[in-house]
Amino acid sequence: MNDYDALRDHLKKQHLPEFVLTFEEIEAIIDAALPRAAHRASWWETLRSPQEKMPQREACLEAGYIATRQADGKSVRFKRMPSRRPGERRDP
């Protein structure tokens, strides 16, 4: 499963600065089961290994959110990334 476009599109429609989705809610959004790896925090962590491109991480980043798996192991917190000012460079 490589297609997280539906998750990206769902996140782009959100106006909250921060919210939580359960794995079940995410599976309903993408219309597929999440892999077992999704239960690991590192699978969602967008800041831990930014050089490692993973479709679920890219979908979150493209939508402007940072994803963090919650301690319950069954949900993910999405936090809006700070907006860049015009002309400001984003470090890779």
Side-chain angles (χ1 to χ4, degrees):
M1 180 170 88
N2 296 344
D3 192 2
Y4 288 87
D5 290 347
L7 178 60
R8 179 200 62 214
D9 295 344
H10 178 82
L11 294 175
K12 282 185 173 184
K13 294 176 189 172
Q14 304 308 306
H15 299 290
L16 295 171
E18 195 170 319
F19 59 94
V20 174
L21 292 174
T22 65
F23 284 178
E24 291 82 15
E25 291 169 322
I26 295 169
E27 290 174 336
I29 291 165
I30 64 173
D31 195 28
L34 287 167
R36 285 193 309 179
H39 292 275
R40 293 194 317 259
S42 61
W43 196 79
W44 292 99
E45 183 60 57
T46 50
L47 301 177
R48 185 174 294 174
S49 301
Q51 72 283 0
E52 186 179 348
K53 303 295 183 204
M54 296 179 73
Q56 74 283 0
R57 293 179 186 175
E58 294 300 308
C60 297
L61 292 172
E62 286 175 20
Y65 281 90
I66 294 171
T68 307
R69 195 212 56 189
Q70 295 298 100
D72 66 7
K74 299 176 184 177
S75 60
V76 179
R77 177 174 302 281
F78 296 92
K79 185 173 181 179
R80 188 172 299 282
M81 295 188 300
S83 297
R84 290 187 292 164
R85 292 183 210 110
E88 184 179 336
R89 244 185 71 196
R90 176 173 280 167
D91 292 330

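On a predicted model such as this, the values are computed, not experimentally measured, just so you know. Counting begins at 1 with the first residue of the sequence. Computation of the quantities below employed the complete heavy-atom set of this structure, encompassing side-chain atoms and omitting hydrogens, waters and symmetry-equivalent molecules.
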Separation between CD of Q70 and CG of L21, rounded to the nearest 0.5 Å | 10.5 Å
Looking at residues at least two apart in the chain, or sitting in another chain, which of them share a salt bridge (Lys or Arg N to Asp or Glu O under 4.0 Å) with E25?
-> none
Without swapping roles, check the side chain of H39 against the backbone of G73 for a donor-acceptor pair under 3.5 Å.
-> yes
Could you name each residue pair satisfying salt bridge (charged side-chain N to carboxylate O under 4.0 Å, His left out) that touches residues 27-40, not counting sequence neighbours?
-> none
Pairwise distance CE(M54) to SG(C60) - rounded to 0.5 angstrom | 11.0 Å
Interatomic distance, CZ@R57 vs OH@Y4, rounded to 0.5 Å, equals 11.5 Å
Does any pair with a residue in residues 65-78 pass salt bridge (charged side-chain N to carboxylate O under 4.0 Å, His left out), and if so which ones, sequence neighbours excluded?
-> E18-R77
Worked check of salt bridge (charged side-chain N to carboxylate O under 4.0 Å, His left out) between D9 and K12 | CA-CA 5 Å; D9 295 344; K12 282 185 173 184; 5.3 Å; no
Qualifying ring pair (Phe, Tyr, Trp, His ring centres under 6.0 Å) pairs with a residue from residues 57-80, counting only residues at least two apart or across chains = F19-Y65, F19-F78
Give, for atom CG of L34 and atom CG of L7, the distance between the pair rounded to the nearest 0.5 Å.
-> 9.0 Å
Give the cluster check for L11 versus L16: same hydrophobic cluster or not, with ILVMFWY residues linked at side-chain heavy-atom distances below 4.5 Å.
-> yes
Any idea which heavy atoms bring V76 and A67 closest together, and the distance?
-> CG1-CB, 3.8 Å
Q56 side, atom CD; L61 side, atom CG - distance, nearest 0.5 Å = 10.0 Å
